[in-house]
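Working notes for the structure below.
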There are 2 protein chains.
Amino acid sequence: MKNISKEDYLSVIFKNLDEEGGIKPNIIASKLVVSNAAVTDMLKKLAKDGLVDYKPYKGIQLTAEGESYARNMVRRHRIWEVFLNEVVGMAWDKVHDEANRLEHSSSDDLINRMEEMLDYPEYDPHGDPIPSKSGRMPKLKKHRPLSDLNEGESGRVIRVNDFDQKFLVYISGIGVKLDEKITVKEKRSFDKSMEVIIKGKPWNISSKIAKNVFIEVK
Amino acid sequence: MKNISKEDYLSVIFKNLDEEGGIKPNIIASKLVVSNAAVTDMLKKLAKDGLVDYKPYKGIQLTAEGESYARNMVRRHRIWEVFLNEVVGMAWDKVHDEANRLEHSSSDDLINRMEEMLDYPEYDPHGDPIPSKSGRMPKLKKHRPLSDLNEGESGRVIRVNDFDQKFLVYISGIGVKLDEKITVKEKRSFDKSMEVIIKGKPWNISSKIAKNVFIEVK
DNA sequence: ATTTTAATTTAAGCATGCTTAAAAATAAAA
DNA sequence: TTTTATTTTTAAGCATGCTTAAATTAAAAT
Ligand SMILES: [Mn+2]
Ligand SMILES: [Mn+2]
Ligand SMILES: [Mn+2]
Ligand SMILES: [Mn+2]
């Protein structure tokens, strides 16, 4: 195989199955910013390659081979993110885009070496779990979006979505980072925005922001 | 621009102009392992992009823009090689192939960070000079292929060609590395093979080997 | 100078990964 | 249940970067 486009499709499918329990052509198209027609096309090719189980109109699944390929892509991506962040000193809001390209261009040998240098990290800089060489995925602690918390509740950040750099820059600016404590002071029903307390300071955040920050459930 | 194929063509053209003083479609085709027709095709595209000066049958030159793009590609490649070798601990016979892919997938920011971490190296693991951010190329000391040395002459290795992994594995095995002293004990006219002394030990090497190892001229 | 060989370019065609527009299937609303 | 809206697939077409085969040009040999 070995093909940047196919690798991207597989990653998107894998992550959505993992996080949402399902995937439709629709979602793939919007995540990869291509037309629905392009997705149908590629699904056929991936099916022919034996990587995807695809029944038109019915559903999309990964085959065993497709899943293990995809899992390895996620592993590559997240190891690159940790490496860029910890060894090269790149900010957490920049590593995702860089890793998105590097993940397709590195040998397994290089990935394994970086993993060893980093002493086998279990989570990437945004809290996402890193599959081991054998494919085992560390369990994420139980968590829910900040947007689900009620007034008065508080908890620690355990994961943030990493696909939008501007989002990461913004939340860094108000002090959000992994393991930081956040308290919901006020929640407004008309637009779902909320006032939160971070390091003693109050901040107003939109529901869009709150939906992409995840809080550990105690 | 930004395109793996075009970047590879530019690098090959630049290196050949730099090292041999000229370049023909022929050479490009063999270095990139594509047909001559593919080269003609691509030369037209690069000309249209304003990166190459191309007169059919007459000659190939880089424009100012093409040269600076190519120089930056060589810079990326060689900084990756040093980084992989020194930071990641990858053997000198493996870094070239890995860098050949990574060079297309990294931001200038990443390259500059790696360069800084490495304290601005001037030469890559095979002795090739690394262009600075501004494009300045460190001067290589005067040198000639080992194959040109006469019986009794000796000198230190200053550079080796890095494009064939097996070649590097082989010469490593007989003790050839940068700055190592080599003495020519015997030179056989019928096949240009020679017996050389490395670290006190005699070795028989073919002219093909000797042509790819470069010795500093005192 | 003529012939032969080698290098280069042109021509036609193929696979990949997209696009837009139209058709078909499914899901949602009335 | 019937109509409407949404999603998905099919169809046709385009750019890219290759290929092989044929034609052209340049270089080398006689
Ligand atoms: Mn990421
Ligand atoms: Mn991440
Ligand atoms: Mn190299
Ligand atoms: Mn090198």
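Proteins come first, then strands; the chains are lettered A, B, ... in the order of their sequence lines, and each starts at number 1.
Atom P of nucleotide dT9(C) and atom CG of Leu46(B) are separated by 13 Å, given to the nearest angstrom. A straight line from CD1 of Ile23(A) to C1' of dT8(D) spans 14 Å, rounded to a whole angstrom. Atoms CD1 (Ile60(A)) and P (dT26(C)) sit 15 Å apart, rounded to a whole Å. Rounded to whole angstrom, the span from the OH atom of Tyr57(A) across to the C1' atom of dA23(C) amounts to 8 Å. For the pair Leu43(A) CG and dG17(C) C1', the interatomic distance rounds to 13 Å; values are reported in whole Å. Computed from coordinates, the Lys48(B) NZ to dG17(D) C1' distance equals 14 Å when rounded to whole Å. Between Lys58(B) atom NZ and dA7(C) atom C1' the separation is 13 Å, expressed in whole Å.
Phosphate proximity of dC18(D) to Tyr9(B): present, with a side-chain N or O under 4.0 Å from OP1 or OP2. Side-chain N/O atoms of Ser35(B) include none lying less than 4.0 angstrom from OP1 or OP2 on dC18(D). For the OP1/OP2 pair of dT8(C) and a distance below 4.0 Å, the side-chain nitrogens and oxygens of Asn26(B) include at least one atom meeting the criterion.
When distances are taken from the side chain of Lys24(A) to each of dT8(C), dT8(D), dC18(C), the shortest belongs to dT8(D). Taking only side-chain atoms of Ser5(B), from C-beta outward, the nucleotide of dT19(C), dC18(D), dT9(C) with the closest atom is dC18(D).
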### Query
Going through the distances and angles, do Lys192(A) and Ser147(A) end up as a side-chain contact (heavy atoms from CB on, under 4.5 Å)?
CA-CA 8 Å; Lys192(A) 268 70 180 192; Ser147(A) 53; over 6 Å; no

### Task
In sequence, state the C-alpha distance, the side-chain angles, and the governing distance for Lys55(A) and Asp53(A), and then conclude on side-chain contact (heavy atoms from CB on, under 4.5 Å).
CA-CA 7 Å; Lys55(A) 307 265 173 254; Asp53(A) 224 319; 4.2 Å; yes

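Atom CD1 of Ile158(B) and atom CD1 of Ile215(B) lie 9.5 Å apart (nearest 0.5 Å). In this structure, CZ in Phe214(A) is found 4.5 Å from CG in Asn161(A), a value given to the nearest 0.5 Å.
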Return a table of donor-acceptor pairs under 3.5 angstrom between the side chains of residues 17-27 of chain A and protein atoms on other chains or two or more places apart.
none

What are the atom names and distances for every N/O pair under 3.5 Å that joins the protein to nucleotides 10-16 of chain D?
| residue | atom | partner | partner atom | Å |
| --- | --- | --- | --- | --- |
| dT10(D) | OP2 | Lys44(A) | NZ | 2.9 |

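Glu216(A) and His143(A) are not linked by any side-chain donor-acceptor pair at a separation below 3.5 angstrom, with hydrogens and angles left out of the test.
Each of Lys55(B) and Val34(A) was matched to the nucleotide of DNA chain C holding its nearest heavy atom; the match closer to the 5' end belongs to Lys55(B).
Within the structure, side-chain hydrogen bond (donor to acceptor under 3.5 Å, both in side chains) contacts touching residues 73-89 of chain B (residues at least two apart or in different chains) are Arg75(B)-Asn112(B), Arg75(B)-Glu115(B), Arg76(B)-Asp108(B), His77(B)-Glu81(B), His77(B)-His96(B), His77(B)-Asn100(B), His77(B)-Glu103(B), Trp80(B)-Ser106(B), Glu81(B)-His96(B), Glu81(B)-His126(B).
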